[in-house]
Amino acid sequence: MDWYKKKIDETAELFSSDIKKGLSSEKANKALKKYGRNELKQEEKKPLIEKLKDQFLDPMIIILIIASILSAFTGDKVEAVIIIAIVVVNAILSLYQEGRAEKAIAALQKMSSPKAKIIRDGREMEIESGLLVPGDLVVLETGDIVPGDLRLIESQNLKIDESSLTGESVPVEKDAKKVYTQDEGIGDRKNIAYSSTVVSYGRGKGLIVATGHQSEIGKIATSIALVDNEETPLQKKLAGLSKTLGLLVIGICIIVFIVGKLYKNDTLEMFMTAIALAVAAVPEGLPAIVTIVLSLGMGKMADKNAIVKKLLAVETLGTTTVICSDKTGTLTQNEMTVVKAFVDNAEIDVSGTGYVPLGQLSSKDKKIEDIEDLKILSDIAGLTNDARLGFDGEKVQIGGDPTEIALLTFTEKQGTKVAHLNKNHQRIEEIPFDSERKMMTTFHNYKEKVVSFTKGAPDIILQRCSHILEDGEIKELTEEKREKILNKNIEFARQALRVLAYSYRSFEELPNNINSDTIENQMVFVGLTGMIDPARPEAKEAIKECKRAGIIPIMITGDYFETGLAIAKELGIAKDASEAIVGAELNNMTEEEIREVVKKKRVFTRVSPENKVQIVRALKQNGHIAAMTGDGVNDAPAIKKADIGIAMGITGTDVAKSTAEVILTDDNFATIVNAVEEGRIIYSNIKKFVSYLLSCNIGEVLIVLISILLNLPVPLIPIQLLWLNLVTDSFPALALGVEKGDEGIMDEAPRSPKEPILDDEIRITVIVQSIAITIATIGAYIIGLKWFGKEGIGLEYARTMAFGTLILAELLRSYSSRSIRYTIWHIGPFSNSKLVLATAFSFLLMVIVMYVPHVRELFQLENIGLREWIVVLIGGFIPLILGEIQKVIRFSKFHRENPYKEIED
């Protein structure tokens with residue numbers, strides 16, 4: 001129900017409540033049975049057995065289990081145990097990442113106020129907030145957390161910080177008397193206070209109109225739970241690769257067995273060979289290597305202030321095509337700052353951001369020292385103020401309304417210590433601010449007189465002023481001067497500045513009758529200040545980096561249109577107002593219309609949590625990989641809906657952090673760009689070792705298949721296949737996973753989300769390398785057969801040559817795999833020290849198998865000499881040389897696409 005459209009008496013009547021006495025205990029108990037406790041219930045967790053079942057039904061896991069059974073059938077129990085261990089480790093890691101929705105809701109529960117001050121049976125009391133019911137009369141004071149959604153019935157200077165719900169940086173002034181007739185967004189409902197927001201100023205009372213899941217924060221909790229956990233792009237691609245490999249394995253087994261039988265080979269031998277090939281064809285180390293590489297990537301990102309909670313999110317970051325960012329606290333500092341002032345007909349620029357009182361004042365109109373009335377302007381800003389500011393040269397201690405803290409900071413930058421100012425000119429009386437007058441007045445002993453200082457809305461202040469202070473003299477405020485001030489106010493407002501005006505009035509002694517009508521008239525106008533929540537200095541460069549990387553930055557904020565657009569233009573997100581839109585306009589659009597809107601708009605203002613989800617959904621439907629950043633409760637549903645959810649670690653709420661896959665420990669938008677770069681490198685490395693593993697494994701399959709087609713004895717027996725598969729797969733592939741990344745990886749446009757791991761470049765590389773490995777190994781094998789014969793010890797010599805050539809070819813092939821585009825001389829042949837160690841270790845294991853007695857016999861190998869090693873070495877270098885020649889040919893034609901091109905579906 002739209003409670004903001006209801007009158008106070010009407011609301012009370014609907015809940016059978018009293019606006020002075022509240023509910024009776026009897027009615028409250030009945031309501032508690034009807035509505036339930038004022039809390040967010042957790043979703044029922046999926047049983048562990050169900051989670052385990054989901055893990056083991058993954059296509060890659062199924063293939064691995066089959067591979068382990070086949071391996072055990074061949075008699076190699078060690079291989080079977082290793083594969084099963086990989087399956088178990090992967091299942092444990094995946095299970096550890098599940099249940100984020102439950103955690104998010106638990107965090108929402110923690111945000112609820114544990115106690116609430118209410119009036120029941122005409123008596124004020126404090127009760128557990130979980131026992132509140134619709135119709136309860138709640139008392140609000142400064143510092144309180146609102147315990148439920150309230151229709152306000154009283155408000156005295158009431159301001160509520162709704163930034164965690166709406167994203168608006170400035171506390172919202174509340175007015176219980178307001179009644180709306182038209183639809184209003186959450187941030188514009190002045191007569192409503194929302195659950196879990198914070199009273200930052202004043203006091204009030206209100207009737208509970210919604211509790212638990214019916215409150216706005218409860219609706220967000222429900223929407224988080226309803227958002228499906230979708231597979232990441234890497235999960236989808238690995239699943240597709242698994243299915244392809246599964247079909248390949250089945251086909252290979254059938255072909256090898258049938259061809260072998262056609263040549264009348266031994267049935268058992270052909271069956272065992274087919275099984276060994278099936279195991280060899282599946283890169284069983286792939287999931288484990290992917291997991292390890294992603295884990296290492298998590299560590300690198302953590303070092304760069306991005307904590308990744310979910311392994312696969314590391315890779316997803318690298319695929320990002322659009323980043324949707326909240327404004328407040330993400331692109332801006334979430335600290336109001338005075339950046340402009342106007343006094344003595346001079347516009348003043350104020351440097352420095354945030355609440356640290358360090359900065360310079362400058363003006364193009366006059367020298368700062370010549371602006372006589374700047375001091376009184378800053379004094380008024382510091383004295384008509386209830387905030388606190390302390391600075392010891394390093395740390396800032398603050399308290400109060402952000403706007404007033406900004407004014408104290410301005411006063412200090414002007415050169416006046418706030419502590420001394422308040423000590424020397426103590427407040428002796430005041431007329432508090434209220435939303436109707438839009439002014440605040442305080443009285444002080446100032447320059448041997450009693451002076452009333454007033455600050456407030458410029459248009460209101462000007463109406464109450466008859467004179468103006470110029471160059472230390474009080475002059476008549478003419479219409480011409482009034483017009484000039486109003487024009488400056490409009491000029492500041494168009495820059496999305498929040499403008500305040502300042503005036504004063506002198507008395508010989510403190511007046512007897514102090515009220516707005518008698519005091520806030522015939523005042524002397526002093527000047528204006530303009531403030532804004534400033535953009536982060538590093539965010540502008542980060543936006544440029546995004547565009548250079550082909551990533552579209554989009555601002556989604558709960559703030560006003562002018563404010564959001566001004567920050568977006570300053571940062572380079574938007575060029576003009578045509579690229580901005582108010583969230584309410586989305587409410588009456590179809591999904592198809594919204595999909596068209598998100599193609600053109602770059603700034604979305606005054607958005608609701610539902611609008612944020614609509615935007616993210618539309619972007620994903622347009623084919624984008626969407627990252628969503630934010631810090632508030634209002635961001636949580638969109639964070640979860642996005643392909644990659646990013647929360648602020650410092651200012652972020654528990655809800656946002658629990659829902660997100662990535663947490664920025666420095667709340668820095670630029671950190672996202674660093675994380676995206678790391679994600680791109682990781683995905684590139686995954687492609688490298690997938691290419692390496694597949695070319696090696698397919699090469700092994702082709703070697704056996706072609707030798708059978710040529711009616712030759714099988715060059716590699718099952719135990720040899722299994723051994724070299726273990727030796728050459730894991731260690732070099734893992735080393736490839738920590739490559740530093742190709743040059744200019746952030747100068748390229750994001751790859752298409754639909755692009756498979758085995759793209760055209762990879763497929764060509766795999767085909768060329770597989771054939772090269774096959775030719776080298778079969779060539780060495782045939783030479784060995786001619787030298788030593790096809791039977792007995794001669795066959796074992798030939799197989800040893802094939803065994804050595806294949807392992808060496810695959811190890812050297814790993815160096816060529818370090819880059820798909822650049823030669824090893826360009827990147828440095830030994831610049832990846834981990835790969836050097838990995839290949840050296842694998843080579844040592846090969847030598848042990850070939851030359852250590854008993855072990856050699858176990859693998860049915862022979863002690864080959866220098867002549868055979870020359871053949872092995874020549875054959876081993878063939879794939880490496882062909883791979884490098886292929887790069888040179890491709891690199892001569894290679895040119896990058898325009899990195900600034902924005903991707904539209």
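All of these numbers come straight from a predicted model, not from anything done at the bench.
Side-chain atoms of Lys455 never come within 3.5 Å of backbone atoms of Tyr502 as a donor-acceptor pair (strictly under, hydrogens ignored). With hydrogens and angles ignored, the 3.5 Å screen pairs a side-chain donor or acceptor of Asp149 with a backbone N or O of Glu216. Not a single donor-acceptor pair under 3.5 Å links the side chain of Thr211 to the backbone N or O of Asn38. Judged by distance alone, with hydrogens and angles left aside, the side-chain atoms of Arg464 form a donor-acceptor pair with the main-chain N or O of Glu520 at under 3.5 Å. Between the side chain of Asn191 and the backbone N or O of Lys177, no donor-acceptor pair lies under 3.5 Å. Between the Lys174 side chain and the Gln156 main chain, no donor and acceptor come within less than 3.5 Å of each other. The closest donor-acceptor contact from the side chain of Lys159 to the backbone of Asp401 lies at 3.5 Å or more, if one exists at all. When atom types are taken as modelled, the side chain of Tyr4 and the backbone of Glu184 share a donor-acceptor pair closer than 3.5 angstrom. A donor-acceptor pair is defined here as one N or O able to donate and one able to accept, closer than 3.5 Å; no such pair exists between the side chain of Asp136 and the backbone of Ile208.
Within a 6.0 Å radius of CD in Gln397, other residues, nucleotides and ligands contribute 12 heavy atoms or fewer. Annotation: Arg427, atom CZ; neighbour count of heavy atoms from other residues, nucleotides and ligands within 6.0 Å is above 12. The number of heavy-atom neighbours closer than 6.0 Å to CD of Glu13, taken from other residues, nucleotides and ligands shown, is 12 or below. Residue-environment remark: CD (Glu430) exceeds the threshold of 12 foreign heavy atoms within 6.0 Å.
Summarising the geometry, atom NZ belonging to Lys612 is positioned 12.5 Å from atom CG belonging to Leu586; distances are rounded to the nearest 0.5 Å. Separating the CG atom in Leu32 from the OG atom in Ser25 is a distance of 12.0 Å, to the nearest 0.5 Å. With rounding to the nearest 0.5 Å, the separation of NZ in Lys190 from CG in Asp188 is 6.5 Å. To the nearest 0.5 angstrom, Leu137 atom CG is 4.5 Å from Ile119 atom CD1. Atom CD1 of residue Ile160 and atom CG of residue Leu140 lie 6.0 Å apart, to the nearest 0.5 angstrom. Taking NZ of Lys20 as the start and NZ of Lys205 as the end, the distance is 9.5 Å to the nearest 0.5 Å.
Ser24 and Asp121 form no side-chain donor-acceptor contact under 3.5 Å, judged by distance and modelled atom types alone. If you check the side chains of Thr403 and Arg498, you find a donor sitting under 3.5 Å from an acceptor.
Judged as a side chain to side chain contact (heavy atoms under 4.5 Å, CB included), and not counting sequence neighbours, the contacts of Ser155 are Leu158, Asp175, Ala176. Residues passing the side chain to side chain donor-acceptor pair (under 3.5 Å) test with Asn587 are Asn611, sequence neighbours excluded. Residues forming a ring-ring contact (aromatic ring centres under 6.0 Å, His included) with Phe453 (at least two apart in sequence, or on another chain): His444, Tyr446. With sequence neighbours left out, Asp459 forms a side chain to side chain contact (heavy atoms under 4.5 Å, CB included) with Ala457. Checked against side chain to side chain contact (heavy atoms under 4.5 Å, CB included), Ala387 has the following partners two or more places apart in sequence or in another chain: Asn385, Glu404, Ile405, Leu408. Evaluation of the side chain to side chain donor-acceptor pair (under 3.5 Å) rule for Lys117 yields Asp144 as partners, not counting sequence neighbours. Take Glu26 and apply the salt bridge (Lys or Arg N to Asp or Glu O under 4.0 Å) test, not counting sequence neighbours, and it matches Lys30. In this structure, the side chain to side chain contact (heavy atoms under 4.5 Å, CB included) partners of Asn513, at least two apart in sequence or on a different chain, are Asn515, Thr518. For Thr454, the side chain to side chain donor-acceptor pair (under 3.5 Å) partners two or more places apart in sequence, or in a different chain, are Thr441. Contacts of Phe15 classified as ring-ring contact (aromatic ring centres under 6.0 Å, His included), with partners at least two apart in sequence or in another chain: Trp3. Lys5 pairs by the side chain to side chain donor-acceptor pair (under 3.5 Å) definition with Asp183, not counting sequence neighbours.
Closest approach of Gly354 and Thr409 over heavy atoms only: O-CG2, 3.8 Å. The two atoms that bring Ile594 and Ala618 nearest to each other are CG2-CB, 3.7 Å, heavy atoms only. Between Ala626 and Ala642, the closest heavy-atom pair is O-CB, 3.5 Å.
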| task | Assess whether side chain to side chain contact (heavy atoms under 4.5 Å, CB included) is satisfied between Thr197 and Asp161, documenting all intermediate values. | result | CA-CA 6 Å; Thr197 58; Asp161 180 359; over 6 Å; no
| task | Walk me through it: do Glu335 and Arg536 pass the test salt bridge (Lys or Arg N to Asp or Glu O under 4.0 Å)? | result | CA-CA 10 Å; Glu335 294 180 342; Arg536 288 177 173 272; over 6 Å; no
| Could you walk me through whether Ile192 and Leu150 pass the side chain to side chain contact (heavy atoms under 4.5 Å, CB included) check? | CA-CA 6 Å; Ile192 301 289; Leu150 306 176; over 6 Å; no
| query | Does the side chain to side chain contact (heavy atoms under 4.5 Å, CB included) test come out yes or no for Met589 and Val597, once each step is laid out? | reply | CA-CA 10 Å; Met589 292 185 185; Val597 166; 3.7 Å; yes
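Side-chain contact between Val662 and Ile644: present, with at least one pair of heavy atoms (C-beta onward) separated by less than 4.5 Å. Side-chain contact between Thr529 and Val499: absent, with no pair of heavy atoms (C-beta onward) separated by less than 4.5 Å. Taking the side chain as every heavy atom from C-beta outward, Ser325 and Leu331 approach each other to under 4.5 Å. Two residues are said to be in side-chain contact when any heavy atoms from C-beta on lie closer than 4.5 Å; Leu407 and Met531 meet this criterion. Between Asn29 and Lys33, every side-chain heavy-atom pair lies at or beyond the 4.5 Å cut-off. Looking at heavy atoms from C-beta onward, Gln182 lies out of side-chain contact with Tyr180 at the 4.5 angstrom threshold. At a threshold of 4.5 Å between non-hydrogen side-chain atoms, the residues Pro402 and Tyr355 count as touching. Side-chain contact check for Arg120 versus Ile127: some heavy-atom pair is nearer than 4.5 Å.
Note on residues 117-157: no pairs pass ring-ring contact (aromatic ring centres under 6.0 Å, His included), not counting sequence neighbours.
Among Ile639, Thr629, Ile556, the one residue that satisfies the side chain to side chain contact (heavy atoms under 4.5 Å, CB included) test with Cys324 is Ile556. The residue from Thr557, Thr605, Asp559 that alone fulfils the side-chain hydrogen bond (donor to acceptor under 3.5 Å, both in side chains) condition with Lys327 is Asp559.
Geometrically, Arg606 does not engage Phe561 in a cation-pi contact defined by less than 6.0 Å to the ring centre and at most 45° from the axis.
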